[in-house]
Structures are given as C-alpha cells and as structure tokens.
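The structure under discussion is supplied below as structure tokens; questions concerning it will follow.
Since we're looking at a predicted model, the values are computed, not measured.
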Amino acid sequence: MIPFNAPPVVGTELDYMQAAMSSGKLCGDGGFTRRCQQWLEHYSGSKKVLLTPSCTASLEMAAILLDIQPGDEVIMPSYTFVSTANAFVLRGATIVYVDVRPDTLNIDETKIEAAITDKTRAIVPVHYAGVACEMDAIMALAEKHDLWVVEDAAQGVMARYKGRPLGAIGHIGCFSFHETKNYTSGGEGGATLINDPALVERAEIIREKGTNRSQFFRGQADKYTWRDIGSSYLMADIQAAYLWGQLEAAGRINERRLRLWHNYYDAFRPLAEAGRVTLPTLPTLPAHCQHNAHLFYLKLRDIDDRAAFIRDMKDAEILTVFHYIPLHTSPAGLRFGRFSGEDRYTTRESERLVRLPLFYNLSDVNQRTVINTILSFFS
Ligand SMILES: *Cc1c(COP(=O)(O)O)cnc(C)c1O
C-alpha cells in the first residue's frame, strides 16, 4: 500500500531528542525551543516567534490576543480546516465566509470588502497548499477598515509572497508542525508569529498561563504573577528537538517536495491539455508567489468522478484523499457563521478535488507507480 502521507524523517531527530533528554529540561522554552524560535525569526523576519502545541493553539492565542469578543465578526474562507474558525468561535465571534478563487482555492480578495460590517474585527486568509493569498490587497483593506489580519499559514512554511515569507505579512501568523505538514515537531506542533511589536508582551503572557513568567526568566521582573487570561500554549522541548532536525534540513525538504510536485505536474500535463483533469494553477510570475509544494491535487469533473477515482486508486493500493467539507455546509459552521455573497466556487471546487501522496520520504519508485496508475485510469 502506498500511503497518502508519512511523517517526514531526516535522520537527526533521535540524536537531538536524546540531547534534550540529557539536558535535564524537557518542558517548554528549553534550548531546542530557543534555537527553533531564533531560526524561525531569522527566516521570517517576524518580531517574535513562539512555539506552540499546534496551529490550532496558535489560532486560539491570536483570538485572545486580539480581544475578540461575542458579537464580533471574523472574515475567512469556508474552504478551510475547522480550527481556522473554531479559534474565533471560542471567543464568541460570528464567522463570515467569503467565496474562494477557483484557481488557487484561496479567499477571493475582491469579495472581502462586501463582507465587512461595523462588527468586523479581523480577516483570516488561509494560504491553501502553500500558495499565497493576495496579501497586498488584503493588507490594504485591513488598513482602510482598521482590521486585524491573522494569516493561517499552517501550510505555508517556506513559501513566499513577493519575496516575503508567509506568516510574517499580517499582524499575526500561525504555522503548523503537524505530521501532515511540510515540517513536523514529531506529530503535533505549531508556532505563532507576532509581527506587530505592540502585541509581543501580551502574547508571551497569554502563552504562559496568563503570567509574566517569560519576563521573570529574562530577569525583567523580580517575581511572576497572574496578569491576564491565558493558557498553556508551550511546546515541550523534546518536540522542539525533533523540529530542530527538520529546520536544519528545511532547504533539502523543500527541494525534495518541489521535485515531487513538478514530477506530478509534468506527468499530468497531457491529461490537462486533453481536458480530463484540472491541475493546480502555477503563478505566471514565479516571483509573485513561491509555493512550497505542500500538497498536489487534481480536480476531476465532479463528485461522482472523484469517488470512482479514489475507489480505483484504492484497488491499486494507493491512498488518495479529499478535503475540506466547506465549513458553511457543516452543522457547527452553519450555527456559528454565515456566507457573504454567493457560493460560486467553494462547494463546487471542493467536490472535484483529490489529493495525491506527496511527502518528503516518498520514493521515486512509488511516485512512478502512482503516476502510471493514474495515467492508465484515464486511458
Ligand atoms: C493543519 C491545519 C490547521 C491545524 O493545524 P494543527 O497544527 O493540526 O492544529 C489549521 N489550518 C489549516 C489551514 C491547516 O491546514
């Protein structure tokens, strides 16, 4: 069986985890956490990067940090993972869904302004597949209407928009190091990028159970006390040790993923030219948007064609999957949000899309098998 995903392993992880165990400090903010945070700050240019237990936790931190209150509205695509919305619903917000663009499946930046009301507080662009949303347009809208921007860059580590790393453009960015993402901290993990310097101090407090413990450890306070609401949003250092091995190999991981992505793209181009499938749209100007090969998808004619495809692949011992059920068509998504304007592409495109195996340790031989099986499915 060729799996859909396998967690990335580069080979140094065990040694670093062993080193973390020998250091006598396994909780959060140990040596490996510090190294990872510095690496991420240097790479992204963000004012402060904080490792967290997950991207879900990072999004929750962001909602607390921005003081999202009951009755506030938060704009995002419906085509995303539940955590994007859940984090804000936990603070009492109403989610306002905006349609996606058919080419990237990212929020359609031209439809955001019509969704803004006097209750809107934030826009949450999701960089689907590690392909950047149109951040210049989104940041301009946010400035005009005095809104916060939280980038859900769960899939966007090592991807760029006009040269700028995703996650470092909005006021706050959120990364995921879940095992299905490009880099992992041993299964679960995330990071919050605090790009607005005015938010840094309170972010550290929220992450440390509402205390100023971080300041205390830096010698900036003589005792630490309860200052604000907060939770435990720290990553254990043994997980940061795993992540450190991956970050050191980040360039190699990114290159391998891009190689695999382009192998698929080149192999299926004739199918796309014959009108049998739709491929992801590559930006006409590569400098505009450098993606990170987070995932490779094909779009088939409709939901029935997709079901037949997934069944045939499974019979050939290849696992392919789809996502997401649009949030505005799910029970909680309906209860906590509303769709602004027309759902022209969100549902239609979500029903056509199927994801192929793409992970760092996928072998050339196995990818060849996937490609040949798909080509014979269509012949
Ligand atoms: C994976 C993902 C998340 C959640 O990440 P976790 O680290 O598993 O909490 C959130 N948003 C998007 C778009 C994702 O792909």
Side-chain angles (χ1 to χ4, degrees), residues 44-46 59 62-63 66 68 72-81 84-85 88 93-175 193-196 199 280-292 294 324 326-328 337-346 348-350:
S44 69
S46 175
L59 289 159
L66 300 181
I68 300 297
D72 289 350
E73 294 181 356
V74 177
I75 293 172
M76 65 181 65
S78 170
Y79 186 70
T80 183
F81 188 62
T84 320
F88 296 91
T94 297
I95 307 301
V96 178
Y97 307 108
V98 168
D99 207 11
V100 291
R101 301 161 49 128
D103 57 349
T104 57
L105 299 164
N106 281 336
I107 191 166
D108 185 338
E109 69 281 0
T110 66
K111 293 183 181 153
I112 293 175
E113 192 154 34
I116 295 173
T117 71
D118 55 9
K119 295 193 177 120
T120 309
R121 296 282 320 285
I123 306 170
V124 187
V126 178
H127 304 295
Y128 180 68
V131 174
C133 295
E134 278 305 325
M135 290 307 293
D136 281 350
I138 291 169
M139 295 309 292
L141 272 177
E143 181 147 2
K144 179 175 165 196
H145 295 274
D146 197 16
L147 305 175
W148 296 105
V149 175
V150 178
E151 293 177 76
D152 182 337
Q155 306 176 10
V157 184
M158 292 289 278
R160 289 169 188 266
Y161 172 75
K162 298 185 180 174
R164 291 144 76 198
L166 302 190
I169 304 168
H171 303 95
I172 301 175
C174 301
F175 284 166
L193 285 70
I194 310 294
N195 306 321
D196 181 340
L199 296 172
T281 311
L282 279 178
T284 39
L285 288 173
H288 186 85
C289 167
Q290 286 171 278
H291 74 109
N292 60 2
H294 171 60
Y324 302 102
L327 298 184
H328 76 287
R338 64 163 192 276
F339 204 94
S340 165
E342 189 196 344
D343 169 11
R344 211 160 141 212
Y345 297 113
T346 301
R348 197 189 82 181
E349 299 303 302
S350 77

Q: Considering non-hydrogen atoms only, spot the tightest contact between Leu166 and Ile169 and give its length.
A: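 Between these two residues, the closest heavy atoms are CD2-CD1, 4.3 Å.
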**Q.** Contact check, side chains of Thr120 and His145, non-hydrogen atoms, under 4.5 Å
**A.** no
Q: First locate atom CZ of Phe175, then atom CG of Leu193, and finally report the distance between them rounded to the nearest 0.5 Å.
A: 4.5 Å
Q | Where Tyr97 and Pro77 come nearest, the two heavy atoms and their spacing | A | CD2-O, 4.0 Å
Q) Does atom NZ of Lys162 have more than 12 heavy-atom neighbours, drawn from other residues, nucleotides or ligands, at distances under 6.0 Å? A) yes
(Q) With heavy-atom distances below 4.5 Å as the criterion, would you say the side chains of Leu141 and Leu147 are in contact? (A)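 Contact flag for Leu141/Leu147 side chains = no.
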Q: To the nearest 0.5 Å, tell me how far Ile116 CD1 sits from Asp146 CG.
A: 11.0 Å
Q: Before accepting this row, confirm whether a basic side-chain N of the pair Asp99/Arg348 lies closer than 4.0 Å to the acidic partner's carboxylate O.
A: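 No, this pair does not count.
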Q. Going by atom types only, do His291 and Gln155 share a side-chain donor-acceptor pair under 3.5 Å?
A. no
Q: Enter the distance from Arg338:CZ to Thr94:OG1 here, rounded to the nearest 0.5 Å.
A: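 Between atom CZ of Arg338 and atom OG1 of Thr94 there are 7.0 Å.
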Q | Nearest non-hydrogen partners of Ile107 and Cys133, listed with the distance | A | CG2-SG, 4.3 Å
(Q) Show the nearest heavy-atom pair for residues Ser46 and Ile194, with the distance to one decimal. (A) OG-O, 3.2 Å
Q: For Tyr79 and Ser350, work out which heavy atoms get closest and say how close.
A: CE1-CB, 3.5 Å
Q. Of the non-hydrogen atoms in His127 and Ala132, which two are nearest, and what is the gap between them?
A. ND1-CA, 3.6 Å
**Q.** Any Met76 side-chain heavy atom under 4.5 Å of Phe88 side chain
**A.**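 Side chain of Met76 against side chain of Phe88, heavy atoms only: contact under 4.5 Å found.
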Q) Is any side-chain heavy atom of Met135 less than 4.5 Å from a side-chain heavy atom of Val149? A) yes
Q: Identify which one of Glu134, Glu151, His288 satisfies the side chain to side chain donor-acceptor pair (under 3.5 Å) criterion when paired with Tyr161.
A: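 It is Glu134, the one option of Glu134, Glu151, His288 that forms the side chain to side chain donor-acceptor pair (under 3.5 Å) with Tyr161.
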Q) Quick one: OG on Ser78 to OH on Tyr324, what's the gap to the nearest 0.5 Å? A) 11.5 Å
Q. Say you draw a straight line from CG of Leu199 to NE2 of His171; how long is it, rounded to the nearest 0.5 Å?
A. 8.0 Å
Q. Under 3.5 Å, side chain of Asn106 to main-chain N/O of Tyr128, donor-acceptor pair present?
A.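 Present.
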Q: Give, for atom CZ of Phe339 and atom CG of Leu327, the distance between the pair rounded to the nearest 0.5 Å.
A: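 Rounded to the nearest 0.5 Å, the CZ-CG separation comes to 10.5 Å.
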(Q) Checking the side chain of Asp72 only, and the main-chain atoms of Ala93 only, is there a donor and an acceptor separated by less than 3.5 Å? (A)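 Checking the backbone N and O of Ala93 against the side chain of Asp72, no donor-acceptor pair under 3.5 Å is found.
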Q.
Quick one, Arg101 and Tyr345 - any side-chain contact, counting heavy atoms below 4.5 Å?
A. no
